[in-house]
Amino acid sequence: MVGIVSYGAYIPKYRIRPAEIGRVWGINGEAYGKSLNINSKSVPAPDEDTATISTEAAKAAMNRVNIKSSEIGAVYVGSESHPYAVKPTATIVAEALDITPYMTAADLEFACKAGTAAIQISMGLVKSKMYNYCMAIGSDTSQGSPGDPLEYSASAGGAAFIIGDEHVIADINYTCSYTTDTPDFWRREGQKYPRHGGRFTGEPAYFKHIIACSNMVFKHQNTKPEDYNYVVLHQPNGKFPYRAAKMLGFRDEQITVGLLTPYIGNTYSGAVMLGTSAVLDIAKPGDRIFVIGFGSGAGCDGFDITVTEEINSFHKEKAPSVKWLVERSVYIDYSIYAKFRNKIILGDG
Amino acid sequence: MSVSRYWREAKSRYMLQGSKCGRCNRLFFPKRSVCPSCKSLSINNIDNFNLSGNGVIDAFTYVHEGLTGFEMQIPYVIAMIKLEEGISITAQVVDIDDNTKVYIGMPVRMVFRKIGEDGKSGMIYYGYKFSPDMANFG
């Protein structure tokens, strides 16, 4: 069966707390962070971007398996913060991993779910026997306008999955999507920061799509929430996933492992793949994982995953665990954050 | 840096690709097309060789007057790094904060980072730097 052959994660080490952001804008950031269930968010260093985060995550995935780089037939990078408007991030990643030139590559964008779209495309290519292995990456250094509510959550991180049908550590039993044209969040061409519909991003966007896609998975697979050991839902903040999981009938303990937003913020395209990586870090054979990625605009990709016996011989130790990456943290103040995020205008001299 | 030069050296910058003399097995970084020991006998007998990226700091300094493009990273560490293959290279060491004690013999591992960019509309240059964190993630 087609599934996940390997995975790797990367999270920048710098963090900023909501209280520090709120201090600058004259609001009670600590209370705001509590209302979002976000204690801190990750911040990329000045020399980190979506290409570097994707490459580090992809290297981690390759280090854990004995697959030659030439066996990877495709690299797809899902992100809404590609460094170039024209010139693929995926070719940079593929070159850095020595996967080029006999392969295909492309960048994908669907707000926060471009990484799960990359997984679905990779599954199709493997299933059709076009390639033995494909690399699907979800990665972002997301943007939040200074002072906007998004600034408290928009963070950086990414994960890479190698999709194949041999030595699979987690079978993907089923995948489906639910997609509509819903203008909850957007960034126009040439604009530095996105805009959003405020509360409109909740009910008609996140919740409607997550619930509908989840029900598609339950119906097709004839499963119930109690059939799953873990659930990973897209996590724009630390509050929405708990509410959605409760609406679907999941218990809090099913969602805790895969919910990283309280510690690192919303890593956008990286979010649900990093959450799934955190689950795979501790999963045992037979564990079943329910995954729903959400992207504004809007759509959801759903996955029913079962961990296989191969996880026992899988070399997790050859790359950093998500827990280690989350705990590796250095807290910075807003002035350093502004410098790192290129918010300070320098002179020409 | 010209676009063509960056493109020509991409494998070396992205993944520490050096070369190896097929006659005496000596390694080179940056790549050489002729081995200085075997001279003409090495011609057409030099292959690409990917270095592991694992090494230790041999010597280091903190840079307080950064080069153009590095203003946002001051102070930063530049080090001579002895790779496990025996080759020494000079590179920036990242993931250093106020609590990090840099020392000679400190294990480091190659990481992929932005090196610079040609203005706001030009090329973005990527390449190798080294991180003590990534050598100690166990």
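First the proteins, then the strands, lettered A, B, ... as listed; each starts at 1.
- Here the CG-CZ distance, from Asp95(B) to Arg328(A), works out to 4.5 Å after rounding to the nearest 0.5 Å.
- Considering only heavy atoms from C-beta on, Phe340(A) stays 4.5 Å or farther from Gln73(B) through its side chain.
- Ranked by heavy-atom pairs under 4.5 Å with chain A, the first of Gln92(B), Met15(B), Gln17(B) is Met15(B).
- Interatomic distance, CD1 of Ile53(A) versus CZ of Arg113(B), reported as 9.0 Å (0.5 Å rounding).
- Lys192(A) NZ: more than 12 foreign heavy atoms inside a 6.0 Å radius.
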Verdict with supporting geometry, Ile336(A) and Met72(B), side chain to side chain contact (heavy atoms under 4.5 Å, CB included): CA-CA 9 Å; Ile336(A) 297 293; Met72(B) 297 297 186; over 6 Å; no

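- Between the side chain of Tyr84(A) and the backbone N or O of Met123(B), no donor-acceptor pair lies under 3.5 Å.
- Heavy atoms closer than 4.5 Å to chain B are found in both the backbone and the side chain of Glu95(A).
- Counting non-hydrogen atoms of neighbouring residues, nucleotides and ligands closer than 6.0 angstrom, the CG atom of Asn25(B) exceeds 12 such neighbours.
- A salt bridge does not link Lys114(B) to Asp47(A): none of the charged nitrogens lies less than 4.0 Å from a carboxylate oxygen.
- Highest contact tally toward chain B, considering only Pro83(A), Ala45(A), Ser321(A), is held by Pro83(A) [criterion: heavy-atom pairs under 4.5 Å].
- Heavy atoms closer than 4.5 Å to chain B are found in both the backbone and the side chain of Lys339(A).
- Heavy-atom distances place the side chain of Asn50(B), and not its backbone, under 4.5 Å from chain A.
- Surrounding NZ of Lys318(A) are at most 12 heavy atoms belonging to other residues, nucleotides or ligands under 6.0 Å away.
- With a threshold of 4.5 angstrom between heavy atoms, Asp97(B) approaches chain A through side-chain atoms but not through N, CA, C or O.
- Both the backbone and the side chain of Phe112(B) come within less than 4.5 Å of a heavy atom of chain A.
- Neither the backbone nor the side chain of Ala85(A) has a heavy atom closer than 4.5 Å to any heavy atom of chain B.
- Contact record, Glu317(A) with Phe137(B): O-CE1, 3.3 Å, taken as the closest heavy-atom pair.
- In this structure, the separation between OG1 on Thr52(A) and OH on Tyr126(B) is 7.0 Å, given to the nearest 0.5 Å.
- Defined by atom type and a distance below 3.5 Å, a donor-acceptor pair is missing between the side-chain atoms of Tyr14(B) and Asp98(A).
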